[in-house]
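A quick write-up on the structure given underneath.
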Amino acid sequence: MPDFSTSPGMRDITAPESLRWRRFVDVFESTVSAAGYELVIPPLLEDIGVFTRLGEATDVVTKEMYDFVDKGERHVALRPEQTASICRSFVEHRPTTPFKAWYSGPNFRYEKPQRGRYRQFDQVGVEVLGSLDPYVDVEVVQLGWIFFSSLGLQQVDLAVNSLGEPEDRAAYVAALASYFNERLDELSPESQQTLSRNPLRVLDSKRTQDQGVIAEAPLINSFWSDGAAAHFETFCNGLSTVGVPFSVDLKLVRGLDYYRGTTFEYRGGTLDSAQNALGGGGRYNGLVADLGGPDTPGVGFAIGLDRTLLACDDEGVFPAPAQHADVFVVDVCDGSDALLICSELRSSGIRTERSWDSRSMKAQMKAANRSGARFAILIGEDERASNTALIRDLRSDAEQISVPRNELLATLSTYLSSLQGAE
RNA sequence: GUGGGCGUAGCUCAGGUGGUUAGAGCGUCAGGUUGUGGCCCUGAAGGCCGGGGGUUCAAGUCCCCUCGCUCACCCCA
């Protein structure tokens, strides 16, 4: 047994999965940069106050934060999400609005790990600060939608809702609380507990015992102010205009307390309902002000890498890319020719591998085969003496050919580029 | 944080009711072919059976604790 392994909920992302992660972010970047979003890379560590503003009824803040006091007596935390960091950054630098940012990177939550849920987990996301326009909501939601289809995902459902103005939301929460309290004994013990902390979240219960009570609960739309209703209508119509399919889910509430107005969630059709949220977001018009900035509206989303990749696995799309060499140099002399050839070929952009430790030709050929290289270059005593190299096509039974060493690069380049054209 | 399942080789897993030196497939390495990969054959290396304690003449196997993974709940991405 090794002396160490990763801490609970932490893991190594190894090849080829690691390459898939890179590509995931690449696809996201091309999606959002096409719409003019700029990259922000906030620190992993922030003053804990940045996150406590997210809400006292939020488990993410109250129970799941990785926080500690540093050597300078500062109470800091590893970020549990990035929206608050982006807003803090906005307040600190005050870019011109509307400010459109995207990000990617790890977040930390101290919870019990399980499938699709880790203590360190990556998200990609966007935030738009400084506009109340409902078409910003449309643009943001559409970007996420485009991203999922760029990955090749077909079975993603988009649910949208509005929590109304803060007063609407407050009135609704009060109505909901009194409704649930009237039927308290019908609720599961867990939901009774949830009710005392955050009545909205009772709507999120997946327990069958609660479903009847939830089904008859009052709905948010009868509490919407005229303004909130109009914003939501424009938002929905905008989604239709750009061809993004959605369904209105008046019971959609999200875990972070800062949401106001528009909320939405992308759900994977192939995942179990308990953990089918691939990503989600909404409006958080009060957050920037809570962090000490000017009253600035915001809207954004975050998408989880792990669950989205699980959904990709289920649909058989966006596979891990295969990485292979173009050329493998087999040198059965002292390896010094391989040293030179690798250097020359690599500097010309040819992906070149070799063996070490003077292994037998058979062993080196096996390694060449495994590397996925199209061509093997063989250097033995004869080739060394005559200053030539053998080129062997590893994917056909064609005869290997001998070329002078000074023509090796040119010959290989020709072969490889003609193959590239053919594929 | 609560409950269920599971921890045996690098990986996937066998190992009725406790009983000599713990096995297989894949992978790795070497050889069969002293200059040639894939297919095939032979062999080798690789295990504190997650860790600790207990019961027993004897524990991979039974009991307790602990750590980890996993599933559900909670919560969330």
Side-chain angles (χ1 to χ4, degrees), chain A residues 1-11 14 54 57-64 80-83 104 106-125 144 188-194 197-198 201-202 204-210 253-257 265-268 271-281 301-311 328 330-333 355 357 359-384 390-397 399-400 402:
Chain A
M1 272 285 108
D3 287 348
F4 299 104
S5 58
T6 53
S7 292
M10 308 281 177
R11 70 256 206 250
T14 57
L54 299 181
T58 307
D59 281 4
V60 167
V61 172
T62 54
K63 305 198 304 203
E64 300 173 358
E81 55 117 55
Q82 278 167 268
T83 300
S104 78
N107 305 309
F108 302 84
R109 292 180 195 173
Y110 196 93
E111 335 172 64
K112 190 146 178 177
Q114 57 181 257
R115 182 176 177 79
R117 193 174 78 179
Y118 301 93
R119 289 182 177 176
Q120 177 178 336
F121 62 100
D122 269 53
Q123 288 181 328
V124 295
S188 63
E190 294 88 349
S191 284
Q192 294 182 22
Q193 188 104 46
T194 305
R197 295 200 315 272
N198 189 341
R201 296 214 58 82
V202 177
D204 241 1
S205 167
K206 311 286 196 304
R207 283 168 294 270
T208 48
Q209 184 188 340
D210 300 324
V253 291
R254 302 209 22 93
L256 282 340
D257 285 350
E265 197 167 274
Y266 306 98
R267 295 167 181 162
L271 273 47
D272 288 341
S273 68
Q275 291 182 60
N276 67 350
L278 304 179
F301 67 71
I303 290 172
L305 256 77
D306 292 298
R307 283 187 199 171
T308 304
L309 254 19
L310 285 176
F328 194 102
V330 173
D331 177 348
V332 289
C333 299
S355 290
D357 302 314
R359 305 223 286 149
S360 70
M361 174 164 282
K362 177 172 179 166
Q364 294 195 43
M365 285 302 292
K366 284 180 93 155
N369 188 56
R370 250 198 322 263
S371 75
R374 180 59 194 256
F375 297 105
I377 295 168
L378 287 75
I379 305 291
E381 295 300 341
D382 295 348
E383 288 71 29
R384 190 168 199 181
L390 291 174
I391 300 176
R392 182 179 176 84
D393 187 335
L394 290 171
R395 280 186 239 171
S396 79
D397 293 321
E399 197 92 345
Q400 58 198 21
S402 175

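In this text, all values refer to a predicted model and were calculated from it rather than measured experimentally.
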Practice item. Can you tell me, in whole Å, how much space there is between the C1' of B:rA9 and that of B:rG25? Key: 12 Å
Practice item. Identify, between A:Asp122 and A:Gly380, the residue whose nearest nucleotide on RNA chain B lies closer to the 5' end. Key: A:Gly380
Exercise for review: Between B:rC71, B:rC75, B:rU36, spot the one nearest the side chain of A:Thr194, thanks.
Suggested key: B:rC75
Practice item. Nearest whole angstrom, please: distance from the C1' of B:rU70 to the CZ of A:Arg115. Key: 10 Å
Review point. Using purine N1 to pyrimidine N3 plus N6-O4 or O6-N4 for Watson-Crick, or N1-O2 and O6-N3 for G-U wobble, both under 3.5 Å, which nucleotide pairs with B:rG7?
Key: B:rC67
Exercise for review: Provide the distance between the two C1' atoms, one in B:rG60 and one in B:rG16, to the nearest whole Å.
Suggested key: 15 Å
Practice item. Can you tell me the distance, in whole Å, between the CD atom of A:Gln114 and the P atom of B:rG1? Key: 14 Å
**Study point:** Flag side-chain contact, heavy atom, 4.5 Å: A:Asp306 against A:Arg117
**Key:** no
Check your understanding: Which whole-number value in Å describes the distance from A:Asp204 CG to B:rC73 P?
Key -> 12 Å
Check your understanding: Do A:Leu378 and A:Glu383 touch side chain to side chain, with heavy atoms closer than 4.5 Å?
Key -> no
Review point. What integer number of Å spans the P atoms of B:rU61 and B:rG53?
Key: 14 Å
**Study point:** Nucleotide B:rC75, atom P - distance to CG of A:Asn198 in whole Å
**Key:** 9 Å
Check your understanding: So, does the side chain of A:Arg392 form a donor-acceptor pair with the base of B:rU36 at under 3.5 Å?
Key -> yes
Check your understanding: Considering every strand shown, what is the Watson-Crick or G-U wobble mate of B:rU55 when both distances are under 3.5 Å?
Key -> none
Study note, to complete from the structure: By nearest-heavy-atom nucleotide on RNA chain B, the more 5' of A:Glu381 and A:Tyr110 is A:Tyr110
Point to revise | Side-chain touch A:Leu305/A:Phe121, heavy atoms, less than 4.5 angstrom | key: no
Practice item. Determine the Euclidean distance between corresponding P atoms of B:rC69 and B:rC29; express it in Å to zero decimal places. Key: 31 Å
Review point. Under 3.5 Å, is there a donor-acceptor pair between the side chain of A:Arg392 and the main chain of A:Phe375?
Key: no
Point to revise | C1' gap between B:rU70 and B:rU36, integer Å | key: 47 Å
Revision key, fill the gap. Applying the 3.5 Å cut-off to both distances, the Watson-Crick or G-U partner of B:rG1 turns out to be B:rC73
**Study point:** Straight-line distance of A:Leu278 CG to A:Leu309 CG, nearest 0.5 Å
**Key:** 10.5 Å
**Study point:** Touch class at under 4.0 angstrom, heavy-atom based, for A:Gly9 against every strand present
**Key:** sugar-phosphate
Exercise for review: Would you give the length of the straight line joining atom CZ of A:Arg119 to atom OH of A:Tyr110, rounded to the nearest 0.5 angstrom?
Suggested key: 4.0 Å
Review point. How many Å lie between CZ on A:Arg395 and P on B:rG38, as a whole number?
Key: 16 Å
Exercise for review: Could you tell me the separation between the CD1 atom of A:Ile377 and the CD1 atom of A:Ile379, rounded to the nearest 0.5 Å?
Suggested key: 7.0 Å
Exercise for review: Check if the side chain of A:Gln400 and the base of B:rU36 share a donor-acceptor pair of N or O atoms closer than 3.5 Å.
Suggested key: yes
**Study point:** Under 3.5 Å on both distances, the Watson-Crick or G-U partner of B:rA14
**Key:** none
Exercise for review: Can you figure out which of B:rC71, B:rA77, B:rU36 approaches the side chain of A:Arg307 most closely?
Suggested key: B:rA77
Check your understanding: Whole-Å distance between B:rC75 C1' and A:Arg109 CZ?
Key -> 9 Å
Practice item. Using the C1' atom on both, measure B:rG38 against B:rG23 and round to a whole Å. Key: 29 Å
Check your understanding: Which of these nucleotides, B:rG38, B:rG35, B:rA77, is closest to any side-chain atom of A:Asp382?
Key -> B:rG35
Point to revise | C1' gap between B:rC26 and B:rG50, integer Å | key: 23 Å
Practice item. Searching all strands shown, indicate the nucleotide that pairs with B:rG37 (Watson-Crick or G-U wobble; both distances under 3.5 Å). Key: none
Check your understanding: Can you find a donor-acceptor pair, distance only, under 3.5 Å between A:Glu383 side chain and B:rG35 base?
Key -> yes
Study note, to complete from the structure: A:Phe121 CZ to B:rC75 P, in whole Å, measures 16 Å
Point to revise | Atom-to-atom span, NZ of A:Lys112 to P of B:rG1 - whole angstrom | key: 7 Å
Review point. With a non-hydrogen cut-off below 4.0 angstrom, is A:Leu390 in contact with a base, only sugar-phosphate, or nothing?
Key: base
Exercise for review: Could you tell me whether the side chain of A:Asn369 has a donor or acceptor atom within less than 3.5 Å of a complementary atom in the base of B:rG38?
Suggested key: no
Practice item. Supply the atom-to-atom distance A:Tyr118 OH to A:Asn107 CG, rounded to the nearest 0.5 angstrom. Key: 15.5 Å
Exercise for review: Write down the partner of B:rA45 under the Watson-Crick or G-U wobble criteria, each distance required to be under 3.5 Å.
Suggested key: none
Review point. For the base of B:rA77, is there a side-chain donor-acceptor partner from A:Glu111 under 3.5 Å away?
Key: yes
Which atoms of nucleotides 27-34 of chain B (N or O only) lie under 3.5 Å from a protein N or O atom, and what are those distances?
residue : atom : partner  : partner atom : Å
B:rU28  : OP1  : A:Arg370 : NH1          : 2.7
B:rC29  : OP1  : A:Arg359 : NH2          : 3.1
B:rA30  : OP1  : A:Arg359 : NH1          : 3.3
B:rA30  : OP2  : A:Arg359 : NH1          : 3.4
B:rG32  : N7   : A:Lys362 : NZ           : 3.0
B:rG32  : O6   : A:Lys362 : NZ           : 3.2

Practice item. In whole angstrom, give me the gap between the P atoms of B:rC49 and B:rC39. Key: 34 Å
Review point. Which part of the nucleic acid, if any, lies within contact of A:Tyr118, taking any heavy atom under 4.0 Å across all strands shown: a base, the sugar-phosphate backbone alone, or nothing?
Key: base
Point to revise | A:Leu394 vs A:Met365 side-chain heavy atoms within contact, under 4.5 Å | key: yes
**Study point:** Backbone of A:Asn276 reached by a side-chain donor or acceptor of A:Arg267 within 3.5 Å
**Key:** no
Exercise for review: Look at the side chain of A:Met365 and decide which nucleotide, out of B:rG37, B:rC71, B:rA77, has an atom nearest to it.
Suggested key: B:rG37
